[in-house]
Amino acid sequence: MQSAGVPSYLEVLNPEQRRAVLHSGRPLLILAGAGSGKTRVITTKIAWLIREKGIDPRSILAVTFTNKAAREMAERARLIDERAGDAMLRTFHSFGAWFLRRNGRLAGLDSGFVIYDDDDAISLLSSILDDAPKAEVKKFAHGISRAKDYFLSPDSPDLVLIDGREKFRECYALYEEKMARIGNVDFGDLIKKPVEILRQEPEVARRFRERFSVIMVDEYQDANVAQFELLKALTGPDTYVCVVGDDDQSIYRFRGAEVKNILEFPDRFSDTDIIRLERNYRSTAPILKAASSVVNHNRGRLGKTLNAERGAGKIPVLVFLPNQDEEASFCAELIENSARGSDAAGGKGGKAGQARWSDWAVLYRTNAQSLGFETEFLRRGIPYRVVGSLKFYEREEIKDALALLAFLVNPRDEVAFRRVVNKPVRGVGAASVDRVIEQFEILDGDLIEAAKNAGLSAKAQAGIKAFFEVIENGRALLDQAGDGSGASGADNDDLAAADSVPALPASANKGGGSGKGKRRRAVKEPHELVSGEGLSVCVERLLRDSGIAEYHQAGDEVSGNQRLYNLQELVNAASLYPLGREGLLDFLEHIELDRSLAEPAADGAAERDADNAVTLITFHNTKGLEFRRVIMTGLEQGVFPRADKKDYELEEERRLFYVGATRAMDELYLSSCEMRRMYGRTEISAPSLFLREIDKSCLRIIGDVPYGFGAFDGAAVNHGGQIRQGGANALEEKAGWRRGERVFHDDHGYGAVMEVRDSDDGPVVRVRFETGEELRFYSDFQGSAFEKIGQDY
DNA sequence: TAGTTTTAAGTTTTT
DNA sequence: CTTAAAACTA
């Protein structure tokens with residue numbers, strides 16, 4: 001291999017990576033295992049195309065799945081070549097929104113549309129399905145969302161694959177009709193509509209194919225059918241297509257991701273070249289082996305062998321614990337022992353081998369599990385940061401504020417209207433609102449007109465007038481700002497601007513808490529909203545005039561919420577956007593598309609050094625991240641994997657396990673609890689199936705190995721753990737339960753006692769239910785949920 | 001009809 | 001156990 005003339009930024013690549021970067025011509029599929037440097041390949045490739053191939057940066061489109069990935073990619077590409085900043089790096093959805101602002105008109109969509117989130121979609125649906133229970137509405141909403149993921153319209157024959165009921169089809173059609181009248185879009189539309197436009201308008205398709213000569217897709221295994229169609233629609237004969245993915249890391253099937261997209265890519269794009277990146281630079285060998293041995297149990301996979309370039313390292317540790325409280329304190333202690341003092345040391349000057357708080361991540365399956373860790377870490381003063389659980393934009397007061405803003409830009413927004421027209425109470429009750437909506441559906445105008453013709457009572461009329469005045473004032477404020485940003489930008493389909501995606505300020509997330517209430521907050525209770533610059537003037541004015549601010553402030557005083565404070569944060573966030581219609585649209589779009597941001601580290605100690613904190617995070621959210629030391633918690637049947645489900649669902653859980661384990665660079669810990677409180681009940685759970693599947697040569701076990709856990713019963717794998725053996729029969733009296741006895745359980749129905757055993761904590765009763773599932777419980781602890789029905793089986 | 005109390009239900013994972 | 005929906009009262 002010749003090294004003469006190879007630019008230095010290519011020298012750091014291994015041969016496969018370099019081959020991927022230098023590849024050109026035919027479509028390319030890069031199968032990149034975990035930790036194999038795929039981001040480096042993409043960013044380097046962007047730089048190389050610009051530098052060596054003379055490609056105009058603006059004709060490069062790189063799509064990712066998350067905003068975080070998009071930002072990181074842009075940053076890293078710019079480090080190699082400044083000009084990469086002009087390339088378009090976006091998420092699929094953000095690209096779709098950008099497309100529709102310019103070309104949506106061709107699908108009857110005004111450029112001033114607002115993006116509906118799932119909640120808004122549900123609100124819309126429940127106005128269609130008038131008296132359906134909420135759960136039912138949710139099911140339909142979910143179905144519609146899936147249908148759009150699979151690029152299915154109400155008249156598609158394949159719609160039955162999502163939901164066979166005719167009512168579903170009707171409901172979907174009505175939903176689309178209503179959405180069209182309102183003039184907004186949901187998440188699915190951001191992908192589906194662009195494809196439809198590109199297919200129906202050859203001229204638009206031609207322009208886009210001309211504009212983008214290179215298209216790259218990251219995390220391709222997570223793309224759904226509609227996204228694949230979008231990729232195809234954007235691709236002409238001369239477009240260079242390069243996708244990167246790892247079938248073992250496909251964890252979003254539940255929301256339409258199709259592994260088939262990656263498996264069948266070579267069939268759909270002819271003459272595809274495939275390059276495999278199988279050198280892992282992140283984890284040590286035992287960690288990688290443990291992770292691989294689990295995912296190897298999956299059948300539907302391409303299969304690959306990752307090689308650990310870092311070589312040998314610490315063996316992963318599996319610890320069995322009695323319950324979740326012990327699990328939390330075990331994690332806390334483990335972390336404390338290694339990192340205590342690292343904050344004071346400021347990251348440097350610590351002893352060799354001294355870990356920083358930020359080296360650690362605690363992983364769990366569901367957000368609810370973070371609570372126990374938060375409580376324990378707070379108690380011990382361990383700085384931590386919770387990723388992803390924050391639902392700032394789902395808070396009632398924030399949704400109210402956003403509805404107000406949405407109605408400002410789109411006076412046909414029925415969902416927003418419903419939400420805020422009578423908040424605070426203006427005497428406009430449900431009956432009046434329905435009448436307005438009814439009129440709105442007859443007239444082809446907006447809700448303001450409809451209200452005039454709805455024949456309302458004097459009281460309602462006065463109330464609604466007051467509401468519209470607030471809206472009018474807000475709109476006047478926007479219009480008078482003059483809008484230097486060019487309101488026409490939406491009308492022409494100027495493809496030149498590659499407008500970057502600014503992140504919302506982190507401050508927008510402060511004070512969120514996670515609905516857990518106990519979080520400390522250094523902020524004083526605010527007594528009024530204060531506006532700053534730009535758009536915040538309008539937001540503040542609107543919140544004040546509408547009475548929303550006052551309404552929530554009153555609530556704060558009663559129940560000690562921080563709603564006014566949260567509204568203030570929203571006002572602050574708005575100050576980064578220019579005052580005007582365009583600025584407002586931009587603000588709303590960013591909020592809808594990028595709402596999952598990390599919460600600032602909790603705990604006083606961390607504020608000095610905000611980056612040095614333990615990460616608490618769900619398995620799903622870890623994708624694309626890495627940590628020196630990882631603890632995977634809650635490895636129990638029913639928690640992870642979540643429940644005994646179908647094969648393919650189990651395979652997805654297994655991939656999730658793989659994703660989590662491969663985040664670890666140096667040390668990996670796995671914890672499994674014997675008892676766990678769930679729904680207020682304490683139940684005994686069996687160790688996760690996945691623990692059994694780990695290659696035993698790369699596991700050290702600590703704690704009491706639960707009885708009956710076959711794989712670990714043999715002494716050969718028992719390093720320091722003790723296996724509990726129990727007698728059998730004389731226990732029955734002590735336990736108060738005997739074999740064969742019939743049982744009824746509120747949640748699980750009828751069953752029979754299969755076995756009574758002894759343990760350190762008293763007799764254990766094993767029950768098998770008619771459903772086939774089994775439960776165990778301590779007789780002197782937990783018998784209350786189990787009711788004797790006094791007969792033998 | 002608004003605001004209260006009582007009862008039921010439910011917890012993945014996310015753009 | 002926590003939250004949302006239904007039921008009820010003033």
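Here is how names work: the chains are called A, B, and so on, in the same order as the sequence lines, proteins then strands, and each is numbered from 1. From a predicted model like this one, the values you see are computed outputs, not experimental measurements. Computed from heavy atoms alone, side chains included, the values below leave out hydrogens, waters and symmetry copies.
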Just the rounded figure in Å: distance from [atom2] of [N] to [atom1] of [X].
X      : N      : atom1 : atom2 : value
A:Q324 : C:dC1  : CD    : C1'   : 11 Å
A:R255 : B:dT14 : CZ    : C1'   : 4 Å
A:R677 : C:dT2  : CZ    : P     : 11 Å
A:Y551 : B:dA2  : OH    : C1'   : 10 Å
A:F254 : B:dT14 : CZ    : P     : 7 Å
A:H93  : B:dT14 : NE2   : C1'   : 9 Å
A:I122 : C:dA4  : CD1   : P     : 12 Å
A:E136 : B:dG10 : CD    : P     : 12 Å

A:R642 bridged to A:E649 by N-O distance under 4.0 Å: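 Salt bridge: no.
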Is the cationic atom of A:R654 (NZ for Lys, CZ for Arg) positioned less than 6.0 Å from the six-membered ring centroid of A:F690 and within 45 degrees of its normal?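 No, cation not above the ring by the 6.0 Å, 45° rule.
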Taking the six-membered ring of A:Y252, is NZ or CZ of A:R255 closer than 6.0 Å to its centre and within 45° of its axis?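 Output yes; distance and angle both within limits.
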How is [X] classified with respect to the nucleic acid when contacts are heavy atoms under 4.0 Å: base, sugar-phosphate, or nothing?
X      : result
A:F619 : nothing
A:D118 : base
A:Y252 : sugar-phosphate

Nearest-nucleotide 5' precedence on DNA chain B, A:T91 against A:K138: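 Final value for this comparison: A:K138.
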How do A:T618 and A:S432 order along DNA chain B: which one's closest nucleotide is nearer the 5' end?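 Closest to the 5' end, via its nearest nucleotide, is A:S432.
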For B:dT15, the Watson-Crick or wobble counterpart (both distances under 3.5 Å):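 Its partner: none found.
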Return no unless some side-chain N or O of A:N367 is found under 4.0 Å from OP1 or OP2 of B:dT13.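 It does, given that an N or O in the side chain of A:N367 lies less than 4.0 Å from OP1 or OP2 of B:dT13.
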Would you tell me if any nitrogen or oxygen in the side chain of A:N621 comes within less than 4.0 Å of OP1 or OP2 on B:dT14?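 The answer is yes; a side-chain N or O of A:N621 sits under 4.0 Å from OP1 or OP2.
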A:F640/A:F619 aromatic ring centres below 6.0 Å: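 Yes, the ring of A:F640 comes within the 6.0 Å limit of the ring of A:F619, centre to centre.
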Which one, B:dT13, B:dA2, B:dT15, comes nearest to the side chain of A:V425?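 Output: B:dA2.
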If you check every side-chain atom of A:H620, which of B:dT13, B:dG10, B:dT15 has the closest atom?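 Closest of the options to the side chain of A:H620: B:dT13.
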Relative to the ring of A:Y577, is the ring of A:H590 parallel (under 30°), tilted (30 to 60°) or perpendicular (over 60°)?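 Tilted: the ring planes of A:H590 and A:Y577 meet at 30° to 60°.
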